[in-house]
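Step one of this worksheet: look at the structure below.
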Amino acid sequence: METKEQHLSDFDFELSESLIAQYPLKDRAASRLLHVKPDGSVEDLHFRDILNLLQPGDLLVFNNTKVIKARLNGKKETGGVFEAMTERVTGTYEAISMMRASKAAKPGTILYFDHPEGKEPARAEVLGREGEFFRLKFDRPVLEVLDEYGKVPLPPYIQHAAEKSDESRYQTVYAKYPGAVAAPTAGLHFSRELMKRLEIKDCQFAFLTLHSGLGNFREIDVEDLTKHKMDSEQMVVNADVVDIVNKGKDEGHKVCAVGTSVMRAIETAVSTDGHLKEFEGWTNKFIFPPYDFSVATSMVTNFHMPLSTLLMMTASFGGYELIMDAYDIALKEKYRFGAYGDAMLIL
């Protein structure tokens, strides 16, 4: 079974488009929660019920990345229209972007971004190309331009164009450091009220940063998963996180990874003795079954798309058969899938 689980086709299932959530619920914590127990049984709850499943001293590890409004539209100096999706901000005035246009932009091409009347225009020069990405140099700070003229980079399975409400809802309530183009979606279920109630219960919080990229939505094109290469993502695990997590682990409390991005960061920054260590840099870690986890004892995650690396990581943590059985139940019970969908807690 272990060898079989390393193949792409093992993570395929039929998902009706009607089960892919296109909009979030008004109340973050009102989403459904499928509680998956170690014995294989499941419990149908609401997300705020997580409060009853955690004990004083249990630790929740969050990703405090902030989603940037990465999608920019405009016209080239030649008049052709383009869409630029910022993948990574590489400096105050520079970024690398995916670009869609009728003709590929050549080095030296000037891009003019769409802007509301009366607002100061912004532009960028194409410096060159790196594989499928274009290196752009902006005439104003990149984050400033994105904040003023950019649109929220919703996942490709969400069919509506980004709306004003997405600017707050496709963002966790604790988002702090800008840089992600994909939200850490498990964290979207935590409302400020729920965070406060967890704090009153004496649950502990730790915040690391991993800037999730477009690679989360990229299709895998190899059946043998050992041949798949993940895109690199920038991450920071500082001394505060290390101290809180290692203390919680040593004292025997639950360590709950809130989302696949947190799990990926933890497993990148773990030392050989199973403790977290400080880390600042890049990770391209790809986790799929079979895999031995070192730190987290539980995990909150959304319901992911078929054939996705996010589903593979979830199956690695919960066990392939247990998670795929849970997905069968979620499909029958009409749980909502995707970034704006429902959640699963694996203990």
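The basis for the numbers below is simple: all heavy atoms, side chains too, and nothing from hydrogens, waters or symmetry mates.
Environment of CD in Glu251: crowded, with over 12 heavy atoms of neighbouring residues, nucleotides or ligands closer than 6.0 Å. Atom NZ of Lys151 sits in a sparse spot, with 12 or fewer heavy atoms from other residues, nucleotides or ligands closer than 6.0 Å. Other residues, nucleotides and ligands contribute more than 12 heavy atoms inside 6.0 Å of the CD atom of Glu223. More than 12 heavy-atom neighbours from other residues, nucleotides or ligands sit within 6.0 angstrom of NZ on Lys277. The environment of Tyr177 atom OH is sparse: at most 12 non-hydrogen atoms of other residues, nucleotides or ligands sit within 6.0 angstrom. Atom NZ of Lys37 has more than 12 heavy atoms from other residues, nucleotides or ligands within 6.0 Å.
You'll find the ring centres of Tyr23 and His160 inside the 6.0 Å limit. Here the two rings, on Phe207 and Phe62, have centers that are under 6.0 Å apart. Ring-centre distance between Phe288 and Phe11: not below the 6.0 Å cut-off.
A salt bridge links Glu167 with Lys164; the closest basic N to acidic carboxylate O contact falls under 4.0 Å. Remark: Glu83 engages Arg100 in a salt bridge, criterion side-chain N to carboxylate O under 4.0 Å. At a threshold of 4.0 Å, the pair Asp27-Arg48 counts as salt-bridged, since one of the basic side-chain nitrogens sits closer than that to a carboxylate oxygen. Here Glu267 does not pair with Lys285 in a salt bridge; the nearest charged N to carboxylate O distance is not below 4.0 Å.
Between Phe337 and Phe303, the two ring planes are tilted [angle within 30° to 60°].
Across every non-hydrogen atom of Ala315 and Ile323, the tightest pair is CA-CG1, 3.8 Å. Scanning both residues, Lys227 and Val222, for their nearest heavy atoms gives C-CG2, 4.1 Å. Minimum interatomic distance between Asp166 and Leu154 (heavy atoms only, all atoms of both residues): OD2-CD1, 3.7 Å. Considering all non-hydrogen atoms of both residues, Phe190 and Val258 come closest at CE1-CG1, 3.6 Å. Of all heavy-atom pairs spanning Ala339 and Tyr170, the tightest one is CB-CE1, 3.9 Å. Taking every heavy atom of both residues into account, Leu276 and Ile266 meet most closely at CD1-O, 3.6 Å.
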**Message:** salt bridge (charged side-chain N to carboxylate O under 4.0 Å, His left out) for Arg264 and Glu233? Distances and angles first, verdict last.
**Reply:** CA-CA 10 Å; Arg264 190 178 184 203; Glu233 295 174 326; 2.2 Å; yes
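No side-chain donor-acceptor contact under 3.5 Å links Tyr93 and Asp139. Donor-acceptor pairing under 3.5 Å is recorded for the side chains of Asn302 and His189.
Each of Pro24, Pro155, Ser31 was evaluated against Tyr340; a single residue qualifies, Pro24, per the side chain to side chain contact (heavy atoms under 4.5 Å, CB included) test.
Under the 4.5 Å side-chain contact rule for hydrophobic residues, Val295 and Met235 share a cluster. Linking Ile, Leu, Val, Met, Phe, Trp and Tyr residues whenever their side-chain heavy atoms come within less than 4.5 Å places Tyr320 and Tyr327 in a single cluster.
Here the side chains of Arg140 and Glu120 are in contact, with some heavy-atom distance below 4.5 Å. Residues Met99 and Leu111 form a side-chain contact, since some pair of their non-hydrogen atoms from C-beta on lies under 4.5 Å apart.
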